[in-house]
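Position 1 is the first residue of the sequence, and the numbers go up from there.
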Amino acid sequence: RTGVSNEETSIKSRFKTAVMVGRRMYIGGIKNKDEDGIQELKGDAMLKSPVNKFDIFPSSSVVEAAINDGESIVALEEFADRILQFKEQTLYIINVSQDIEFLEDVHKYKGALHPASICKTDYGIAWANTQGCFLYDGKQVINLLEKGGRRLISESDWEDFLVADKSFGVGTVETFLTPMVGFIPNKRQIVIYDDITTGSSSEPRMYLYDIITQSWARGSDDGTNRQIDIIKTNFVNDWDGNLMYFHTDNIPVIWNDKQSAGQEFEFITKDIDFGEPGRRKKVYKILVTYDSGNATNHVQVDYGVDGDTTFAYDFANGTQISSAPELDAANGWKVAELKPDVASEASNIKSIRLRFAGDNAVPSGFKINDISIVYRMKPVN
């Protein structure tokens, strides 16, 4: 009548994590007690309930992906008839679309140290660890730090973000931070804080990935509004879809990416080679559509060439840049026409990159809509 054999030694279990799939509850990291009072701890095991009986877990209904591998289950997530079983170092993808579950794929070094490092998005399951930031879309695991065969964030930068050096009297020891990951539904963005506790105190303190543009931005702790440098809960989305968390003062913090007036600002484009990295070009001018909210801009723009990171070259006075290198105030969208102040500095180059930077008086309404470059390819020698 119950659907459970009378020979079962246990039908109750304590567990670390759970997920519901297809009217069944799956639990991971279990601890159960049999009828003789003997307790058994199985940190790498997963049990499933009978259909529509979400609090009964027969000990014989174990789902084994990998056992005795030296790792414990950290979290379970569900997407596209798959259960993602996260262990400290390894991700196991289990197909549950049929009556019998089976192991579909194994991904080494793509595990998670904490449930806060994992979140569900409209596009799949996203998570972060010291190896990268990943997204499972129902078919494959994608490393979001890469695009088109190249890295968007270098390996060293990501390691500096999630590995802190701490002194213990006998020397410096590397400590892996525990990133917390959240999803902003209305903007289709993934937010990664460096640690669920106080973090490393080094910049950057957070990264933001835009799923639509497949691009990254990084940010810092302002010490007051974001409360990054404090012990925090995991990210959650409230009933309106707002991304939020609590911290040790029992105060909810709602994510707000609107820039406050008086904040420093820097935006650097990639090294633009126009699809021909080995060929020389001449750049005539650059058109930037921007808006400063009718406030004094305080945003300066300069450029570097051929991979230079010092941005040693400036633009001349012209349309919407009458006091170079600072852009003019703009009420609504305006187009700044940027021409190199010395034409020869941009006439025999292979690539160019722009930097927009401002002091602590950058208006909160400043935004850039698009950037266009007028250039000419030079003949191959």
Side-chain angles (χ1 to χ4, degrees), residues 152 187 189 203-204 208 210 212-213 215-220 222 224-225 256-277 279-378:
L152 301 178
K187 294 191 175 182
Q189 293 173 338
E203 302 297 344
L208 183 146
D210 191 294
I212 303 300
T213 62
S215 60
W216 286 91
R218 62 183 183 180
S220 61
D222 64 12
T224 54
N225 296 333
N256 180 8
D257 59 3
K258 182 177 180 181
Q259 180 176 320
S260 301
Q263 295 295 309
E264 294 184 359
F265 167 81
E266 184 179 57
F267 168 63
I268 300 173
T269 70
K270 66 177 183 179
D271 215 22
I272 304 169
D273 58 21
F274 310 101
E276 295 277 356
R279 192 170 175 181
R280 296 176 298 116
K281 302 99 180 171
K282 178 176 181 179
V283 173
Y284 292 94
K285 61 183 177 181
I286 299 171
L287 305 175
V288 179
T289 305
Y290 72 99
D291 182 8
S292 68
N294 202 30
T296 304
N297 214 331
H298 297 287
V299 175
Q300 300 178 353
V301 56
D302 48 19
Y303 71 99
V305 301
D306 297 341
D308 179 40
T309 59
T310 62
F311 301 95
Y313 304 115
D314 297 317
F315 294 102
N317 290 338
T319 304
Q320 291 296 124
I321 186 170
S322 57
S323 299
E326 188 173 298
L327 297 173
D328 294 345
N331 184 17
W333 295 113
K334 300 292 183 181
V335 179
E337 189 173 302
L338 310 178
K339 295 181 179 180
D341 60 350
V342 179
S344 60
E345 293 174 347
S347 65
N348 196 33
I349 64 174
K350 294 181 178 179
S351 65
I352 187 171
R353 67 191 314 191
L354 307 177
R355 178 178 65 175
F356 298 83
D359 54 23
N360 58 5
V362 175
S364 60
F366 178 79
K367 49 185 176 286
I368 297 174
N369 186 71
D370 59 76
I371 301 173
S372 302
I373 302 177
V374 180
Y375 69 101
R376 177 176 61 86
M377 290 282 186
K378 290 199 169 185

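- Across all non-hydrogen atoms, the minimal contact from Glu326 to Ile321 is O-CG1, 3.6 Å.
- Salt bridge status for Asp302 with Arg355: present, with a side-chain N to carboxylate O gap under 4.0 Å.
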Item to check | Candidate pair Tyr375 and Phe274, rule ring-ring contact (aromatic ring centres under 6.0 Å, His included), full reasoning | outcome: CA-CA 9 Å; Tyr375 69 101; Phe274 310 101; 3.9 Å; yes
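- In Arg218, the CZ atom is not crowded: 12 or fewer heavy atoms of neighbouring residues, nucleotides or ligands sit closer than 6.0 Å.
- Side-chain contact between Arg353 and Lys270 is absent, with no heavy-atom pair separated by less than 4.5 Å.
- For the pair Pro340 and Ala346, the tightest heavy-atom approach, listed with the atom from each and the gap, is CG-CB, 3.8 Å.
- In terms of heavy-atom proximity, Ala330 sits nearest to Ser292 at N-OG, 2.7 Å.
- Counting heavy atoms from C-beta outward, Ile268 and Phe311 have side chains that approach closer than 4.5 Å.
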Item to check | Pair Val301-Leu338, side chain to side chain contact (heavy atoms under 4.5 Å, CB included): steps then yes or no | outcome: CA-CA 9 Å; Val301 56; Leu338 310 178; 4.0 Å; yes
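- Inter-residue side-chain proximity for Leu287 and Ile371 is flagged as unmet; no heavy-atom pair is nearer than 4.5 Å.
- Across all non-hydrogen atoms, the minimal contact from Val305 to Glu345 is CG1-O, 4.1 Å.
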Item to check | Evaluation steps, side chain to side chain contact (heavy atoms under 4.5 Å, CB included), between Lys282 and Lys378 | outcome: CA-CA 7 Å; Lys282 178 176 181 179; Lys378 290 199 169 185; 4.1 Å; yes
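- Residues forming a side chain to side chain contact (heavy atoms under 4.5 Å, CB included) with Asn331 (at least two apart in sequence, or on another chain): Asn294.
- Proximity of Ile286 to Glu337: side-chain heavy atoms (C-beta onward) are nowhere separated by under 4.5 Å.
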Checklist entry - Under the side chain to side chain contact (heavy atoms under 4.5 Å, CB included) criterion, do Phe267 and Ile368 qualify, and how do the steps go? => result CA-CA 10 Å; Phe267 168 63; Ile368 297 174; 4.2 Å; yes
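- Looking at Asp210 and Ser215, their side chains never bring a donor and an acceptor atom within 3.5 Å of each other.
- Judged purely by atom type and a 3.5 angstrom limit, Asp291 uses its side chain to pair as donor or acceptor with the backbone of Gly332.
- Side-chain atoms of Lys281 come within 3.5 Å of backbone atoms of Asp273 as a donor-acceptor pair (strictly under, hydrogens ignored).
- For an aromatic pair to be called close, the ring centres must be under 6.0 Å apart, and Tyr303 with Phe315 satisfies this.
- Between the side chains of Asn317 and Ser322, no donor N or O sits under 3.5 Å from an acceptor N or O.
- With sequence neighbours excluded, the residues that form a side chain to side chain donor-acceptor pair (under 3.5 Å) with Asn348 are Arg280.
- When all heavy atoms of Asp306 and Asp271 are compared, the pair lying nearest together is C-OD2, 4.2 Å.
- Side-chain contact between Thr319 and Val335 is absent, with no heavy atoms from C-beta onward closer than 4.5 Å.
- Of all heavy-atom pairs between Asp328 and Ser323, the closest is OD1-N, 4.2 Å.
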Checklist entry - Does the pair Asn369 and Trp333 meet the rule for a side chain to side chain contact (heavy atoms under 4.5 Å, CB included), with working shown? => result CA-CA 8 Å; Asn369 186 71; Trp333 295 113; 3.4 Å; yes
